[in-house]
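The structure appears below as structure tokens.
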Amino acid sequence: MADGTLIGTDHGEFEGTIEWKPKDRSAGFVMKNVNAIASTQFGGEVYILEGLGHQGTNRGVIFRFERRDARSWRIHRPVILNEAPRAAADIDHGQWTVLTHTGLIRVDLHKRSQQTVYENNNWPWIQPDSVQALGDSWLVGAGPGVIRLSPLGDGYVEQWWVPRSCRSLEPVCDCGSDPRAALASPDPPG
């Protein structure tokens with residue numbers, strides 16, 4: 001920001017922070033024991049996606065940081081998520097798409113509400129960790145490769161892009177060690 005930096009860190013279990021460092025070296029602040037995943041700006045405010053999904057912990061929240069003046073913020077909790085977030089895509093007209101370990105949710109920052117876009121309860125095994133819009137489709141990065149979610153009727157269909165050496169995802173994908181392997185598009189699992 002013009003007058004300072006809002007920094008989020010994630011150091012694993014219960015070790016992250018969100019910190020405000022003003023440029024004029026006035027007093028900042030540090031929120032401890034939060035795991036910042038992603039951030040965006042909307043309507044003059046900053047939104048920080050925070051959460052943890054590990055060893056039975058499954059929590060997520062979007063904090064809203066409202067500027068009070070040049071040195072202080074008011075921090076709100078506008079949306080408590082149903083599960084831990086993994087990543088988020090760019091904001092589009094107040095809609096923020098959030099990747100969780102079981103799918104995608106759309107958070108309406110105007111209404112401070114959430115809606116499930118896509119869910120697959122087998123995703124925790126593939127560890128999704130990134131999301132990017134591609135037209136009306138989504139690309140989700142995961143352990144074995146990339147999943148393209150394309151609209152089909154009222155839902156989405158998964159198309160898996162994996163290295164050629166991984167033509168089958170069952171029982172476990174063994175993708176080999178050649179990082180130059182070309183991507184193939186096998187039939188989606190089960």
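Count residues from 1 along the sequence.
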Seminar exercise, completed: The side chain to side chain contact (heavy atoms under 4.5 Å, CB included) partner of L99 among D129, V117, L104 is L104

Exercise. Is the F42 ring parallel, tilted or perpendicular to the H110 ring (thresholds 30°, 60°)?
Worked result: perpendicular

Exercise. Hey, are E158 and N120 close enough side-chain-wise for a donor-acceptor pair under 3.5 Å?
Worked result: yes

For this session: Find the distance between CG (N82) and OG1 (T116) and round it off to the nearest 0.5 Å.
Result: 6.5 Å

Exercise. What distance separates R112 CZ from I80 CD1, expressed to the nearest 0.5 Å?
Worked result: 13.5 Å

Exercise. Which pair of heavy atoms, one from S113 and one from V79, lies closest together, and at what distance?
Worked result: N-CG2, 4.3 Å

Problem set entry | Distance, nearest 0.5 Å, that separates CD1 of I75 from CD1 of I18 | 7.5 Å

Exercise. Is the backbone N or O of P128 less than 3.5 Å from a side-chain atom of R86, with the two atoms forming a donor-acceptor pair by type?
Worked result: yes

For this session: Please check if atom CD in Q114 has more than 12 non-hydrogen atoms from other residues, nucleotides or ligands closer than 6.0 Å.
Result: yes

Exercise. Do the side-chain N and O atoms of Q127 and H101 include a donor-acceptor pair separated by under 3.5 angstrom?
Worked result: no

Exercise. Which atom pair, heavy atoms only, marks the closest approach of A84 to N58?
Worked result: N-OD1, 2.7 Å

Exercise. Taking side chain as C-beta onward, heavy atoms only, is Q132 less than 4.5 Å from W138?
Worked result: no

Exercise. Side chains of W73 and E45: do they bring a donor and an acceptor to under 3.5 Å?
Worked result: no

Problem set entry | Heavy-atom side-chain proximity of W123 to I147 below 4.5 angstrom | yes

Problem set entry | Student check: side-chain heavy atoms of R148 and W161 closer than 4.5 Å | yes

Exercise. Are L81 and I105 side-chain neighbours, meaning at least one heavy-atom pair lies under 4.5 Å?
Worked result: yes

Exercise. Of all heavy-atom pairs between W20 and T5, which one has the smallest distance, and what is that distance?
Worked result: CE3-O, 3.3 Å

Exercise. Under a single-linkage definition using a 4.5 Å side-chain heavy-atom cutoff for Ile, Leu, Val, Met, Phe, Trp and Tyr, are F65 and V61 assigned to the same hydrophobic cluster?
Worked result: yes

Problem set entry | Within one Ile-Leu-Val-Met-Phe-Trp-Tyr cluster: F29 and V46, side-chain cutoff 4.5 Å | yes

Exercise. When rounded to the nearest 0.5 angstrom, what is the spacing between OG1 in T97 and OH in Y118?
Worked result: 15.0 Å

Seminar exercise, completed: One should read off an interatomic distance between Q159 CD and L152 CG, to the nearest 0.5 angstrom, of 12.0 Å

For this session: For residues V98 and P85, report the shortest heavy-atom separation together with the two atoms involved.
Result: CG1-CB, 3.8 Å

Exercise. Does the side chain of T102 pick up a donor-acceptor pair with the side chain of E83 at under 3.5 Å?
Worked result: yes

Seminar exercise, completed: For P22 and G28, the nearest pair of non-hydrogen atoms, with its separation, is CD-CA, 3.8 Å

Exercise. Applying the 4.5 Å side-chain criterion to the ILVMFWY set and letting contacts propagate, would Y156 and V107 be lumped into a single cluster?
Worked result: no

Exercise. Rounded to the nearest 0.5 Å, how far does OG of S39 lie from OH of Y47?
Worked result: 12.5 Å

Exercise. Under a 4.5 Å cut-off applied to non-hydrogen side-chain atoms, are M31 and F63 in contact?
Worked result: yes

Exercise. Distance only, no hydrogens: is a donor on one side chain within 3.5 Å (strictly under) of an acceptor on the other, for Q95 and D108?
Worked result: yes

Problem set entry | Side chains of I91 and L109 in contact at under 4.5 Å (non-hydrogen atoms) | yes

Seminar exercise, completed: Between E50 and V34 the two heavy atoms that sit nearest each other are OE2-CA, 3.3 Å

For this session: Measure the shortest side-chain to side-chain distance between I62 and W96 over non-hydrogen atoms and say whether it is less than 4.5 angstrom.
Result: yes

